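Written out below as structure tokens is the structure these notes cover.
Values below: every heavy atom of this structure, side chains too, minus hydrogens, waters and symmetry copies. Given the structure is predicted, the values throughout are model-derived calculations rather than measurements. All ligand and atom numbering here is 1-based and tracks the order in the structure.
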Amino acid sequence: MPFNLSLSEREAAGLKRSLPVIDRVSGRQLWANGKGYLNFAGNDYLGFSQAPQLRVAAEAAAREFGVGAVASPLVVGHQAIHRTLESELADWLGLEAVLLFSSGFSANQAVIKALLGKGHWLWQDRLNHASLQEAGALSPARMQRFAHNDMAALAAKIKPEAGLIVSEGVFSMDGDQGDWQGLAQVAEQSRNWLMIDDAHGLGVLGKQGKGTLSEQGVAAEKVQITMGTFGKALGVSGAFIGGSRELIEYLHNHARSYVYSTHLPPPQTAAILAAVRLVQKADDQRDQLCERVQQFRQGVAGLPFELLPSATAIQPLIVGDEHRTLRLAAQLRESGCWVGAIRPPTVPKGSARLRITLSAAHTREDVQRLVGVLHRSLPR
Ligand SMILES: *Cc1c(COP(=O)(O)O)cnc(C)c1O
């Protein structure tokens, strides 16, 4: 056999992943094996996955346009509903133009592959998402990682006018924010381009949920490439790249996972459009999420685990050991709370963690219950 398919080493190290089958899931709850749980492992930060406005939009689009886009965008797949979504997204975020992708993973890969060639440089925060790290590793460009949010380390490595700096709005496994004032300054001074992956900031942070740049008061023009996803706070799935009209037209021609992939189905597109309209007015949900986050942080303050300095919906408790993390997650599950057990290579070695995510869909009592279960499962 030409391949080694054995997973026994991963299993012994507590690193084997297994695929759970979930009967039903929302931002607040899930059901599996006939049992109900509170869901503290998802990314449905505003509860939009179950919002009536999105469901109605998807149903109506399915009736009117069918369930498939029929073709890739440049052939005949790009319909009026896609164009409407693009233009409302661009208006909301103050972008000149955007293009849609079926996933954030493919959007990140597409941009880096389409833009960077041999001779270019790519600087990435060490904690950037796997889709960005992998695109960089596969790219002919030279990639350098800088220590997490360390602007001095980045400034020391940077070369003038040589490529692209990429970081995240909100880091997916730590919950802290990138230093966008600092990044914009380094990029401007070195005349390099800057790209933000705002998968976890979009919809949640900033005025009208515009995201991390708005939250930090950084002008959209300082960041040449914006990537956002529809699968987190917007409650659906899919992603976009935003930037200048010139950049977007370039990507229409060179982004291979855009050109060679079937376009987003109309019901999905309609649901995303409804989410974009709803999210701009969702201050109540954003306030509610903030309250739950504060409640959670106060509740777990006395536990013997490091709670990362996160003010967002992502609240990781660092356990360290992989086996212990798995045991704790199993214990929490026994008590009806489903949390993520995140282990290397998703996070650095020795920093295995319970990744607890909160949603506006959670009630005060839900968070109280989680805090109680954590105190019983993690004795000091
Ligand atoms: C989830 C995520 C992605 C990938 O987005 P999908 O649409 O789920 O493929 C990219 N970057 C970050 C930071 C993410 O958290």
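Below 3.5 Å of separation, one finds no N or O of A239 facing any N or O of ligand 1. On a distance-only criterion, E168 and ligand 1 share no N/O pair closer than 3.5 Å. Between M227 and ligand 1, no N or O atom pair is found at a separation short of 3.5 Å.
Ranking protein heavy atoms by distance to atom 14 (C) of ligand 1, first place goes to K232 NZ, 3.0 Å. The shortest contact between atom 11 (N) of ligand 1 and any protein heavy atom is with D197 OD2, 2.6 Å. Among protein heavy atoms, atom 15 (O) of ligand 1 sits closest to H200 NE2, 2.5 Å. Of the protein's non-hydrogen atoms, G104 N, 3.2 Å is the one closest to atom 6 (P) of ligand 1. For atom 4 (C) of ligand 1, the nearest non-hydrogen atom of the protein is F105 N, 3.6 Å.
Listed for the S190 side chain is no donor-acceptor partner under 3.5 Å among the backbone atoms of P160. The backbone N or O of K222 sits nowhere less than 3.5 Å from a side-chain atom of E188 that would complete a donor-acceptor pair.
Counting atoms of ligand 1 from 1 in the listed order, those under 4.0 Å from a heavy atom of N108 are 10 (C), 11 (N). Every atom of ligand 1 with a heavy atom of T229 under 4.0 Å away is listed here by number and element: 5 (O), 7 (O).
Contacts between L132 and ligand 1 below 4.0 angstrom, taking non-hydrogen atoms only, are absent altogether. Residue S172 touches ligand 1 through its side chain alone, judged by heavy-atom distances below 4.0 Å.
Checked against the 6.0 Å centroid criterion, the rings of H129 and F171 do not qualify as a close aromatic pair. Ring-centre distance between Y258 and F101: below the 6.0 Å cut-off.
Across all non-hydrogen atoms, the minimal contact from L194 to Q224 is N-OE1, 2.8 Å.
In this view, D125 satisfies the salt bridge (charged side-chain N to carboxylate O under 4.0 Å, His left out) rule with no residue, not counting sequence neighbours.
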side-chain contact (heavy atoms from CB on, under 4.5 Å) evaluation trace for L264 with H82: CA-CA 8 Å; L264 273 67; H82 298 109; 4.0 Å; yes

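For residues 199-213, the side chain to side chain donor-acceptor pair (under 3.5 Å) pairs, not counting sequence neighbours, are Y45-H200, D198-T212, Q208-K210.
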